[in-house]
Number of protein chains: 2
Amino acid sequence: MQFTKAEEYGIFGVLYLAEKDRAVVTPLSEISKAQNIPEKFLAKIFQSLSKSGIIRSHRGVRGGFTLAKDPSEISVKEVLETIQGPYHLMKCLGDFKSCTMNKVDFCPLREILLIAEKRLVSVFDEYTLSDLVKWEKARTAAT
Amino acid sequence: MQFTKAEEYGIFGVLYLAEKDRAVVTPLSEISKAQNIPEKFLAKIFQSLSKSGIIRSHRGVRGGFTLAKDPSEISVKEVLETIQGPYHLMKCLGDFKSCTMNKVDFCPLREILLIAEKRLVSVFDEYTLSDLVKWEKARTAAT
DNA sequence: TTCTTCGGCTTTAGTAAATTGCATAGGAAC
DNA sequence: GTTCCTATGCAATTTACTAAAGCCGAAGAA
Ligand code: SF4
Ligand code: SF4
């Protein structure tokens, strides 16, 4: 529900890959060091990302990770949801049954949360990793 | 950052008041019982709401709470932010200095979070308590 | 004075996030 | 095929925050 370290780390992890050539295999240790992320934590995150087909893993000597698709085809939403599951402002938004109070039939708060969440998630769906990389490059070029 | 019980309880608490005539003084015990909220928890929430001028407290025998303004003048955002402080998807959005990684100059993730948060909060700013009451009444009338 | 209801503070319990550790498996290099 | 490197998988820990309860004091109507 909230923005968590895992998500932040995940984004920066894939972003690091997105900034390189897709063919370059990058070990976890390098990413972890470059982005200041606890290595084991990033490992767990990358495991999920690998399973869901966003990145590809390569074991053995000189192994590591590469992006599985082009950065322009990976939405921010995709990355975030892979890491922490569907983003919900409150559990009941995914399933009305999980309402903690006993609003079995109707809940005005839920209505407004649905609207809010829809707008929120749409932002993450609109942007891709290549957008982020673009912004960063534009910024460093400007200075 | 996340939607918390306190916020949910707070909304339902004021909503209970909003459904009544503004002149009626309602004790915490009644609200707590009607909405299934731990009384002491609700007490703490109402304390903040009282301080920020959303509701008014009345002590002594037959005391309790009333709304300080008309429901149509109380935005959902106002209530939520009173309870848990400014809503931020990540701390750095309020203050760049509180960045946990060392992105001192620029951060692409922050850019996208700013956009997302703006859209999210705008929803809560658009609706007032009277909107929620209206929805509820429309619903109960329909069934 | 008395009883009721809010006010403010402290403490406890519960839950989830953040991090670390270790033993295993796959695979390149030689 | 041996060796070394790097990911994989699971368990355990620490930390942080949420949720809730408790206690005593203050205000105020009856
Ligand atoms: S009371 Fe409303 S907002 Fe809360 S969990 Fe139930 S449906 Fe969701
Ligand atoms: S790295 Fe970016 S998103 Fe994360 S705290 Fe710093 S500014 Fe915010």
Side-chain angles (χ1 to χ4, degrees), chain A residues 1-14 17 24-33 35-66 68 80 83-85 87-91 98 100-101, chain B residues 1-10 12-14 17 24-33 35-68 80 83-85 87-91 98 100-101:
Chain A
M1 329 251 187
Q2 186 217 341
F3 249 86
T4 177
K5 286 278 177 198
E7 291 169 284
E8 184 174 21
Y9 290 161
I11 290 285
F12 284 116
V14 292
L17 293 179
V24 182
V25 176
T26 312
L28 210 45
S29 59
E30 180 186 331
I31 306 173
S32 146
K33 199 177 165 191
Q35 301 280 35
N36 253 302
I37 302 171
E39 190 169 332
K40 285 305 294 182
F41 198 174
L42 188 60
K44 195 160 58 177
I45 298 165
F46 266 37
Q47 226 164 295
S48 332
L49 292 170
S50 172
K51 273 185 194 159
S52 76
I54 292 173
I55 59 180
R56 189 182 308 270
S57 78
H58 307 264
R59 296 213 258 198
V61 179
R62 300 206 33 156
F65 295 90
T66 56
L80 295 180
I83 296 172
Q84 68 140 210
Y87 196 94
H88 285 309
L89 292 171
M90 194 166 268
K91 284 173 240 167
S98 67
T100 48
M101 307 179 82
Chain B
M1 329 248 186
Q2 184 215 343
F3 251 86
T4 177
K5 286 277 177 199
E7 291 170 285
E8 184 173 22
Y9 290 161
F12 284 116
V14 292
L17 294 178
V24 181
V25 177
T26 312
L28 210 46
S29 59
E30 180 186 332
I31 307 172
S32 145
K33 199 177 165 191
Q35 300 279 36
N36 254 301
I37 301 173
E39 191 170 330
K40 285 304 293 180
F41 198 174
L42 187 60
K44 194 160 58 175
I45 298 165
F46 266 37
Q47 228 164 293
S48 332
L49 292 171
S50 172
K51 273 186 195 162
S52 76
I54 292 173
I55 60 180
R56 190 181 309 268
S57 78
H58 307 264
R59 295 211 259 199
V61 178
R62 300 204 35 152
F65 295 89
T66 56
L67 285 185
L80 295 180
I83 296 171
Q84 68 139 210
Y87 196 94
H88 285 310
L89 293 171
M90 195 165 270
K91 285 172 238 166
S98 66
T100 47
M101 306 179 83

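Chain letters run A, B, ... following the sequence lines, proteins first and then strands; every chain starts at 1. Keep in mind that this is a model prediction, so the values were computed, not measured.
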With a non-hydrogen cut-off below 4.0 angstrom, is [X] in contact with a base, only sugar-phosphate, or nothing?
X     : result
A:G60 : base
B:K40 : base
A:F46 : nothing
B:A6  : sugar-phosphate

Between B:G63 and A:F41, whichever has its closest DNA chain C nucleotide further toward 5' is B:G63

Which is more 5' along DNA chain C, the nucleotide nearest B:S29 or the one nearest A:E39? Just name the residue. B:S29

Taking atom [atom2] of [N] as reference, at what distance in whole Å does atom [atom1] of [X] sit?
X      : N      : atom1 : atom2 : result
A:M101 : D:dA19 : CE    : C1'   : 13 Å
B:R59  : D:dG28 : CZ    : P     : 6 Å
B:M90  : D:dC17 : CE    : P     : 14 Å
A:K44  : C:dT20 : NZ    : P     : 11 Å
A:I45  : D:dG9  : CD1   : C1'   : 16 Å
A:I37  : C:dT20 : CD1   : C1'   : 16 Å
A:H58  : C:dA29 : NE2   : C1'   : 17 Å
A:E30  : D:dA7  : CD    : C1'   : 15 Å

Measuring from atom CZ of B:R56 to atom CG of B:L17, what distance do you get when rounded to the nearest 0.5 angstrom? 12.5 Å

Atom CD of B:E8 and atom CD of B:Q35: how far apart are they, to the nearest 0.5 Å? 10.0 Å

Test side chain to side chain contact (heavy atoms under 4.5 Å, CB included) applied to B:T26 and B:I55, B:T66, B:I31, the passing residue: B:I31

Parallel, tilted or perpendicular: which one describes the rings of A:F3 and A:Y87, with boundaries at 30° and 60°? tilted

Measure across A:S32 and A:P38 and return the closest heavy-atom pair with its distance rounded to 0.1 Å. OG-C, 4.3 Å

Using OP1 and OP2 only, check whether a side-chain N or O of [X] sits under 4.0 Å from [N].
X     : N      : result
B:Q47 : C:dC6  : no
B:Y9  : D:dA19 : no
A:S57 : D:dT8  : yes

Starting the side chain at C-beta, find the nucleotide from D:dG9, D:dA7, D:dA21 nearest to A:P27. D:dA7

Please compare A:V61 and A:K51 by the position of their nearest nucleotide in DNA chain D and report the one closer to 5'. A:V61

